[in-house]
There are 2 protein chains.
Amino acid sequence: MPFANTEIPGKFQALLAERGIRMTEQRRAILNVIETAKRHLDAGQVLRRARKLEPSIDRSTVYRTLGLLKRHGLIDELDLMHLDGEAHYYERKLNRDHIHLACLRCGKITEFVSDLFESLKEQIENDCQYQIAVARLEIGGCCSNCRT
Amino acid sequence: MPFANTEIPGKFQALLAERGIRMTEQRRAILNVIETAKRHLDAGQVLRRARKLEPSIDRSTVYRTLGLLKRHGLIDELDLMHLDGEAHYYERKLNRDHIHLACLRCGKITEFVSDLFESLKEQIENDCQYQIAVARLEIGGCCSNCRT
DNA sequence: ATCTTAATGCGACAGTGTCGCATTAAGATC
DNA sequence: GATCTTAATGCGACACTGTCGCATTAAGAT
Ligand SMILES: [Zn+2]
Ligand SMILES: [Zn+2]
Ligand SMILES: [Zn+2]
Ligand SMILES: [Zn+2]
């Protein structure tokens, strides 16, 4: 289960409104898709789902909206080891970063939260004098199911 | 300086020979380019450089060779936050994994080695019962130069 | 020198993501 | 509610990345 359901749907809208971003039917549909997704979606999948809510939506609008959400730090972009093509995957950003593990055999995606990861980010900010905006840790390997 | 110069050039060739992989002029050129690169190169850049050594090389050969090296764990593939287009970047894998920091303002790429990162990977292997093949930690943020 | 088979070049292709431009509609102002 | 400004959209064209099938070439074993 990739997503903890601790966030109120509609939060994206509120956050964008706060920042004076115009809300449209198209954006509402896209935000809705991303907020309620139960797995990681690529741009094409977001488009197809959003079209069910708002059939006129164009591909470029999806890309522009994903860009907007990325710039505002509301979603994260992932590779998930490109197990299936070259698309990137998106997920809404929660309070806490998580690590993505992709099984190179069965393709299963596992998520993992770790305090050590938080410490590592702190170490980087201190040692490298960096201000971190996005931290993306992706692992490729072999899951326990596939090793038995 | 992205790469520690601790590796003998020609190591790729030796490793591939060990595994019974056929060596060609084209591969030699590509391996040479990657082994001697002083920064992270994308597939197009690898192609252009390899053509200087072996003008006949085709784009698909580069992709096929990069795929080969990836499968054999000799190179790592990076996004570097896609600061410039959607290409992926490649670098030869050294003894020790390193973290990539990409400054979202100036585009500078910084590399960082951390024991904490090694511990985190161990924790993941234990807690998630995972056998890690690739671990890619990429940070986007603001470097010290850009904050002053 | 011969032979097997892996690797290559070529061409065609699909997919991803971008952009300029004319049109539409959000939401502020009155 | 009508008007206005400007951001956002749809459309079309595009560039780029990466893939594949197939005929040809050449690696390296015999
Ligand atoms: Zn996730
Ligand atoms: Zn990527
Ligand atoms: Zn698996
Ligand atoms: Zn590096």
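Naming: A, B, ... by sequence-line order, numbering from 1 per chain.
- Dashed line: the shortest gap from a side-chain N or O of A/S56 to OP1 or OP2 of D/dG10 is under 4.0 Å.
- In terms of position on DNA chain C, the residue among B/I57 and B/E86 whose nearest nucleotide sits closer to the 5' end is B/I57.
- Of all nucleotides present, only C/dT4 satisfies the Watson-Crick or G-U wobble test against D/dA27, with each distance under 3.5 Å.
- Environment of CG in B/D84: sparse, with no more than 12 heavy atoms of neighbouring residues, nucleotides or ligands closer than 6.0 Å.
- For the residue pair B/H100 / B/E138, no side-chain donor-acceptor distance below 3.5 Å is found, with atom types taken as modelled.
- Base pairing of C/dC10 is made with D/dG21, judged by Watson-Crick or G-U wobble geometry with both donor-acceptor distances under 3.5 Å.
- For the pair B/I30 CD1 and C/dA7 C1', the interatomic distance rounds to 11 Å; values are reported in whole Å.
- The side chain of B/Q26 contributes no N or O atom lying less than 4.0 Å from OP1 or OP2 of D/dT25.
- When the P atom of D/dA13 is taken as reference, atom CG of A/D58 falls 13 Å away, rounded to whole Å.
- The phosphate of C/dG9 has OP1 or OP2 within less than 4.0 Å of a side-chain N or O from B/T61.
- The CZ atom of A/R27 sits 11 Å away from the P atom of C/dA26 (whole-angstrom rounding).
- Between B/H88 and D/dT17 there is no side-chain polar atom (N or O) within less than 4.0 angstrom of OP1 or OP2.
- Summarising the geometry, the separation between CG on A/D42 and C1' on D/dT17 is reported as 16 Å, rounded to the nearest angstrom.
- Contact annotation for B/R64: base contact, defined as any heavy-atom pair under 4.0 Å involving a base atom.
- In this structure, CG of B/D79 is placed 11 Å from P of C/dG17, rounded to the nearest angstrom.
- In this structure, B/R19 atom CZ and D/dA27 atom C1' are separated by 20 Å, rounded to whole Å.
- Mapped onto DNA chain D by nearest heavy atom, B/R59 and A/T24 fall at different nucleotides, with A/T24 at the one closer to the 5' end.
- Under a cut-off of 6.0 angstrom, the local environment of CZ in B/R105 is sparse, with at most 12 non-hydrogen atoms contributed by other residues, nucleotides or ligands.
- Using a 3.5 Å distance cut-off with no hydrogens or angles, the side chains of B/Y130 and B/E125 do not pair a donor with an acceptor.
- The nearest whole Å value for the distance from the CZ atom in A/R28 to the C1' atom in C/dG27 is 12 Å.
- A/Y63 has no side-chain polar atom (N or O) that falls below the 4.0 Å cut-off from OP1 or OP2 of C/dT18.
- Atom C1' of nucleotide C/dC3 and atom CZ of B/R22 are separated by 11 Å, given to the nearest angstrom.
- Between the side chains of A/H88 and A/D42, not a single donor N or O lies within less than 3.5 Å of an accepting N or O.
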